[in-house]
Structure formats: structure tokens, C-alpha cells
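Right, one structure below, let's go through it.
In what follows, every heavy atom counts, from backbone to side chain, and hydrogens, waters and symmetry copies are set aside. Predicted model, so just to flag it, every value in this text is computed and none were measured. A, B, ... follow the sequence lines: proteins, then strands. Residue 1 opens every chain.
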Amino acid sequence: MNDLTCDEFASQAAELALGLLSGDERAAALAHLAGCSSCRVNLDELARAADALLLVAPRAEPPIGFESRVLARLAADGAAQSARRRWPILRGRGGPRGLAQASSSPQATRKHSRPAVRWIRPLSVAAAVAIMAVTVGVIVGQHTASHARPSAIRTATVWADAGKSTCQVVAIPGQDGHGPELLLRLDEVAEGPSAYPVLVDPANGGRAVPIGMVNVVKGLGHFDAVLPAGVSKIRGVRVLEEDGSLRYQATFSAI
Amino acid sequence: MMWSAPDDALLAGYATGDADASTAFIRRHQRRVFGLALSIVVDPALAEDVSQEAFARAWRHASTFDPRRGSVPAWLLTITRNLAIDALRLRRAWPIDPDVLAGFEIEATGPGAHPTASAEAGDDRAVLRKALAGLPEDQRRALILAGLCGRTAKEVSQSEGIPLGTAKTRIRTGLQKLRASLDPGALNMWEGGS
């Protein structure tokens with residue numbers, strides 16, 4: 001395949017940005033992009049204009065009941081998805097963003113840093129029981145309580161804002177081919193929206209490992225992620241303020 | 001409050017399956033999603049199917065949204081547009097141009113002509129409407145057919161009865177002008193580069 005010149009690429013850039021090129025044309029254009037940063041910058045700008053064009057489309061009121069039908073469909077999709085896999089791992093390429101997903105530019109290969117988040121549907125019975133146990137359990141001390149269970153599910157809950165805000169964490173061992181997972185729930189006195197970094201502390205005293213962000217909306221935040229190590233290798237979980245200071249530090253009791 | 005939450009935060013809540021966030025997300029975007037789908041496919045029943053699928057895709061692929069690459073509405077509308085085009089191609093249905101263009105009400109986008117334009121003064125949509133209105137009609141038609149209806153340059157040339165090269169030029173020039181309207185000076189930089 002002959003590489004395009006910048007002029008040849010420029011003549012096709014608008015059609016590439018709009019997703020109109022055929023397979024061969026697209027492949028040639030992307031091959032050029034792989035080695036030309038200036039054309040990538042220009043394509044990104046054209047792609048933004050192409051995206052912006054969509055915003056001028058007219059708006060129209062959907063039929064009555066549309067919202068309910070969408071919600072019902074999401075519930076059905078969620079149930080099916082949950083049956084296949086409790087939590088989808090962060091997806092990379094192949095999403096719905098046509099040009100961006102297929103482009104070979106560095107911009108297009110970026111992945112959203114937020115892990116896939118599912119809480120309500122995939123919450124296992126064991127985890128739900130564990131959270132309930134923590135919620136109604138004995139508060140040990142003003143700021144921290146931990147609760148280890150023989151099943152190796154590990155839980156902890158901590159408070160902030162003079163006990164008005166709560167952080168509950170549940171670590172679930174890997175099973176059925178799935179890795180160990182962490183569930184975290186925040187009940188915040190402030191409604192937000194806020195986003196807090198979540199880190200796990202290794203049991204060996206090593207440096208805390210960031211695993212994602214928990215978003216708090218209307219005072220409630222849910223987060224789940226695959227743990228970078230087995231449950232027994234995790235000492236606890238930290239949730240940081242947006243400025244990096246410590247908001248919660250939950251420590252699991254020794255097994 | 002949920003209803004005033006930023007788009008990014010609302011999308012995050014939508015992805016978690018939170019009931020309030022999901023309702024707020026759908027209500028915030030349903031008019032523009034359905035409006036775009038209807039403009040492209042014309043058939044209201046098919047437009048609802050497309051819109052439902054768009055919201056389902058957005059839910060499933062929320063983790064791929066990257067705010068550095070664009071806004072939530074643009075991301076959601078890109079999904080909608082692609083689904084609408086796929087639906088039309090699957091049905092081998094291709095609305096005639098006047099219907100499509102009338103659906104976009106481009107004729108009503110002249111400076112000061114659109115009733116919402118002044119209310120939206122300063123926001124991107126108002127700027128875009130003004131920029132589109134400022135394009136020569138042939139470029140505007142070509143850009144809408146290509147950018148909103150997903151027609152290739154060849155299809156634009158056939159529907160407009162113009163040579164393929166002319167269709168390509170109109171699409172390219174139209175998008176470059178639109179881009180320049182968003183970022184003054186960008187057009188010159190582009191044309192000067194090689």
C-alpha cells in the first residue's frame with residue numbers, strides 16, 4: 001500500500017472525520033496518520049467539528065412512555081448481562097464511537113480511566129449479606145470498624161464528617177474464573193457530585209495502588225473493580241479527596 | 001441535585017444503573033436523540049427503535065466515553081446517527097433528500113431567524129447554527145447529507161446530480177468552514193499545511 005502524501009490525506013480528511021471513506025481509502029488514510037502527527041491534529045479538529053454538527057439536529061418529543069420503555073429495556077439488558085458475567089471488564093476499542101474507535105491515532109486509543117461500574121444488578125447475595133452485616137454491626141471505635149468472615153469475603157466500614165458519611169467496602173475472592181473484586185459504597189452527607197480516587201493498600205506494606213474513581217451523585221456513590229491481587233494480599237482501601245488528601249481509610253482485620 | 005448534575009457525572013450514574021440518574025439521563029437527552037433519529041429515518045416507529053438502542057448502547061459502552069474527546073451529547077448523538085444509518089441501510093430505505101433536509105430545518109437557521117437561536121446565544125449550538133446558516137446552500141446540503149445522514153460522497157453526487165469531485169469538494173469545504181467557525185484561524189492553518 002502506497003502511503004498518502006499530506007496533501008492527498010488533506011483531500012480526504014473531511015470524509016474520514018465524517019466516517020464516509022470506504023475500507024481501502026480508510027486503511028490508506030489511517031496508515032498515513034500513523035506516521036504524521038500534524039495530520040492527526042488536524043483530523044482531530046475536523047472530527048470535533050463533525051461531532052459538533054450533530055448538535056444542530058432538530059429535537060423532537062419522543063412518544064409517550066418512551067422513557068419507561070428504555071428503562072425496562074436497560075433492566076432486561078442488565079439481567080442478561082449479569083447472567084453472562086457479573087462485571088464487564090473495562091472495554092477498549094470496539095465501542096460505538098465510529099471514527100475514534102477505529103482510528104490508529106494516539107488520541108483514539110485512549111481509554112476512559114473510569115472502570116466499568118455496575119452495582120445494583122451484580123451485587124451477589126454474599127456481598128449483600130456482608131454489607132448488611134457491616135451496616136448493622138458493632139461500631140468499633142470512632143472512625144474504623146473491620147469485619148472478617150470465615151468465607152474469606154472481607155469487609156470494612158469507616159466514617160467521616162462526624163459519622164454522617166459512611167464508606168463500606170467488600171472484597172470478594174475470585175471464583176468461577178473471575179478475579180477477586182472490590183465493591184465500595186459511599187453514603188455522603190454532601191450530595192455532590194464528587195469524584196474520589198480509590199486505592200488499595202497491599203498487605204505487604206507496599207505503596208497504595210490506584211484502581212479507579214468513585215462518583216458520588218446525590219450523596220450516593222457505587223464502585224466496583226477487579227482487585228490487582230488476591231483478597232488476602234489486600235490490607236485495606238483508601239478513598240482520597242479530590243485534592244489528594246485522605247477521606248476514608250478502611251482496613252480489613254487480619255485473616 | 002441529580003437534575004442539574006454535569007453530563008459526565010450523570011453518565012457515570014446512568015452506567016451504574018442508578019434509577020434516579022438513569023431517569024435524569026434519559027430525560028435530558030431523549031429529545032435530541034429522538035429528534036436526530038427521526039430526522040434521519042423519518043419513520044417515527046423506527047426512530048423510537050433506534051433511540052432505544054442508542055440509550056442501551058450508551059449504557060453498555062459508558063466506560064468507553066472519554067471526556068477529552070468530546071461532550072456526552074456529541075458522543076450519544078454519534079451513536080444515534082450510526083444506528084439510524086445502519087437501520088436505513090438494513091431496510092434499504094433511503095428517504096428522498098427534500099424530506100431529510102426539511103427535517104433538519106436548516107432553512108430556519110439564518111441569523112436571528114431561529115426562535116431558539118437568541119436564547120442560546122453564546123452556546124455551541126447557536127454558534128453552529130449560525131455557522132451552518134452562513135454556508136453556501138450547496139455546501140450546507142452536502143455537509144448535512146454527509147455529516148448527519150451518513151451519505152458517502154458518491155451518494156451525495158448521485159442525489160445532488162453533481163460530479164463526484166464536486167461533491168467531495170463541497171463536503172470538505174463545508175466541514176472546514178464549520179471547523180473554522182469553532183476555532184477561528186484553524187482554516188488557514190489547515191490550508192497552509194502539507
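The residue among A:P63, A:A195, A:A50 with the most heavy atom pairs within less than 4.5 Å of chain B is A:P63. Heavy-atom pairs under 4.5 Å with chain B peak, among A:G221, A:P62, A:A49, A:S194, at A:P62. By number of non-hydrogen pairs under 4.5 angstrom with chain A, the leading residue of B:T152, B:L77, B:L175, B:L83 is B:L175.
Proximity to chain A (any heavy atom under 4.5 Å) is restricted, for B:I26, to the side chain, taken from C-beta onward. With a threshold of 4.5 angstrom between heavy atoms, A:E15 approaches chain B through side-chain atoms but not through N, CA, C or O.
Among pairs with a residue in residues 17-52 of chain A, those fulfilling ring pair (Phe, Tyr, Trp, His ring centres under 6.0 Å) read A:F9-A:H32, at least two apart in sequence or across chains.
Side chain of B:R170 to backbone of B:D138: no donor-acceptor contact under 3.5 angstrom is found. Looking at A:Y196, its side chain never comes within 3.5 Å of a backbone N or O of A:V216 through a donor-acceptor pair.
Scored by the side chain to side chain contact (heavy atoms under 4.5 Å, CB included) test, B:P44 finds B:L38 as partners (sequence neighbours excluded).
Inter-residue side-chain proximity for B:K168 and B:L164 is flagged as met; some heavy-atom pair is nearer than 4.5 Å.
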